[in-house]
Visitor: 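Handing you a structure now.
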Amino acid sequence: MNESAQVICPPALDVGKIRADFPILQRTVHGKPLVYFDTGASAQRPRQVIETIDDFYRNHNANIHRGVHTLSQEATDLYEQARLKTAGFINAPSAEEIVFTRGTTESINLVAHSFVRPRLQPGDEILISWMEHHSNIVPWQMLCEETGAVLKVVPMNQRGELEMGALVDMLSARVKLLGVVHVSNALGTINPIADICTLAKQHGIPVLVDGAQAMPHQRVDVQALGCDFYCFSGHKMYGPTGIGALWGKAEHLQAMTPYQGGGEMIRHVTFEKSTFNEAPGKFEAGTPNIAGAIGMGAAVDYLQKLGMENVAAWEAQLLAYGTEKLSQIEGFRMIGTAAQKAGVMSFVLGDIHANDVGTIIDLHGVAIRTGHHCAMPVVQFFGLPATARASLGIYNTFEEIDILAEALEKTVGMFD
Ligand code: PLP
């Protein structure tokens, strides 16, 4: 760590201890210690999550809800405990408001089909923001094409902040849903969700929040935010892939019709008619990702133990240090300089293509993401083909930022 790093407050987390929990951080890449700055795409998993999944398969594995035997009851208990933990983590009023899904994408699609589609008339509007991930753009486009509704986009400024004045002007009775990202994966912007919800409520507009990038980095309280739906993915928050959740207000979930039919989600079936379970069961058709949900519960436990305020504070220090350090590199330009920002450093390095940057620094053991980050309108907005993105996690250190900076400097040197 250099001198400027030492004036930053000591961390509230024992990062050495955290790192020891992540077995993958022991490995090398191209003969160099792995430096992982791609947590935004998928976080690494601590041994507590890995061991929980291992224990489930070794000792408790069975299908849930329908078995009377011991293993099935144990598996059901573990699965439902994970729902309870997930609800507690986001301060949901009830575990019944947590629907397990495959992740953020499926959660958004569920709301699109089960909540929004039945309410849409031609000429109605769906409002999203310019900085959405494709998963909060494409489902709405598909729905608009099908129904004759119109997709409207709230603009952002050059710092990558939402134009709140424009948002206010775009709210009207025609808007049937406002979908907005909590933390932008491409820019790091933290959007003022509570304010947005207050404004939307004045027009009776339900708000869906894409929380994929907020969950691992800050405390999320769905009641304080005042939203109607909150979507997230296990793999972004140190849990397994293939699992995530939709939180929805009970009144909405109760009124919604399931969009997938099958086993588990029914109460009674005849050839003439089927009746459905209550929420959340009616949205979890078929055998769910049982081990995944239990693993996500372990990830929740892990983050709860660290304390999300501590996580946010540590990552804010890393972001401040990284922003200053990388800015000293010739040709470095940060893309996304919002006043409220989470641990994402999206950047360009002179004329060097982002993919070249990513490939070269991989040789130094440094993993970053390059491309459009599934947010093509964002890179188009800045007139770029791609950016390089270093995204931060709980296990990153100042020393790793120094390694990143050094690798980027060497990259620049190769193109001089
Ligand atoms: N929203 C944001 C902001 C994301 O960063 C991502 C993933 O990168 C998603 C949604 C989609 O998440 P998933 O692929 O886990 O469904």
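Atoms within each ligand, like the ligands themselves, are counted from 1 in listed order. Every heavy atom of this structure was used, including side-chain atoms; hydrogens, water molecules and symmetry mates were not.
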Visitor: What protein heavy atom is closest to atom 5 (O) of ligand 1, reported as residue, atom name and distance in Å?
Guide: Q213 NE2, 2.7 Å
Visitor: What protein heavy atom sits nearest atom 10 (C) of ligand 1, and how far away is it?
Guide: S135 OG, 3.1 Å
Visitor: More than 12 foreign heavy atoms under 6.0 Å from CZ of R174: is that the case here?
Guide: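 No, not enclosed.
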Visitor: At under 4.0 Å between heavy atoms, is it the side chain or the backbone of T104 that contacts ligand 1, or both, or neither?
Guide: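 Both backbone and side chain.
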Visitor: Ligand 1 and E106, any nitrogen or oxygen pair closer than 3.5 angstrom?
Guide: no
Visitor: Just jot down the ligand 1 atoms closer than 4.0 angstrom to any heavy atom of S233, in number order.
Guide: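 What qualifies from ligand 1 is 12 (O), 13 (P), 15 (O), 16 (O).
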Visitor: Might you work through the ring-ring contact (aromatic ring centres under 6.0 Å, His included) test for Y238 and Y395, ending with a clear yes or no?
Guide: CA-CA 11 Å; Y238 310 96; Y395 30 62; 5.8 Å; yes
Visitor: Quick check on H235 - does any of its heavy atoms sit under 4.0 Å from an atom of ligand 1?
Guide: yes
Visitor: Show your reasoning for whether ring-ring contact (aromatic ring centres under 6.0 Å, His included) applies to Y36 and F22.
Guide: CA-CA 11 Å; Y36 192 74; F22 287 81; 9.7 Å; no
Visitor: Quick one: do the T287 and R66 side chains pair a donor with an acceptor below 3.5 Å?
Guide: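 A pair is found: one side chain offers a donor N or O, the other an acceptor, under 3.5 Å apart.
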Visitor: Just to confirm my output: which protein heavy-atom neighbour is closest to atom 4 (C) of ligand 1, and how far is it?
Guide: H133 CD2, 3.3 Å
Visitor: Tell me which part of K236 gets within contact of ligand 1: side chain, backbone, both or neither, using heavy atoms under 4.0 Å.
Guide: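 The answer is the side chain.
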Visitor: Hey, which of L326, L187, V344, T323 is the one that makes side-chain contact (heavy atoms from CB on, under 4.5 Å) with M334?
Guide: T323
Visitor: Please list the nearest protein heavy atom to atom 3 (C) of ligand 1 with its residue and the distance rounded to 0.1 Å.
Guide: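 Here the nearest protein heavy atom works out to D210 OD2, 3.5 Å.
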Visitor: For E409, check salt bridge (charged side-chain N to carboxylate O under 4.0 Å, His left out) against everything at least two apart and list the hits.
Guide: none
Visitor: Under a plain distance cut-off of 3.5 Å, with no hydrogens placed, do E80 and H65 share a side-chain donor-acceptor pair?
Guide: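 Yes, a side-chain donor-acceptor pair sits under 3.5 Å.
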Visitor: Identify the closest protein heavy atom to atom 16 (O) of ligand 1: which residue and atom is it, and at what distance?
Guide: T105 OG1, 2.6 Å
Visitor: Heavy-atom distances under 4.0 Å decide this one: backbone, side chain, both or neither, for V181 against ligand 1?
Guide: side chain
Visitor: Within a radius of less than 6.0 Å around CZ of R83, do more than 12 heavy atoms belonging to other residues, nucleotides or ligands occur?
Guide: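 Above 12, so yes.
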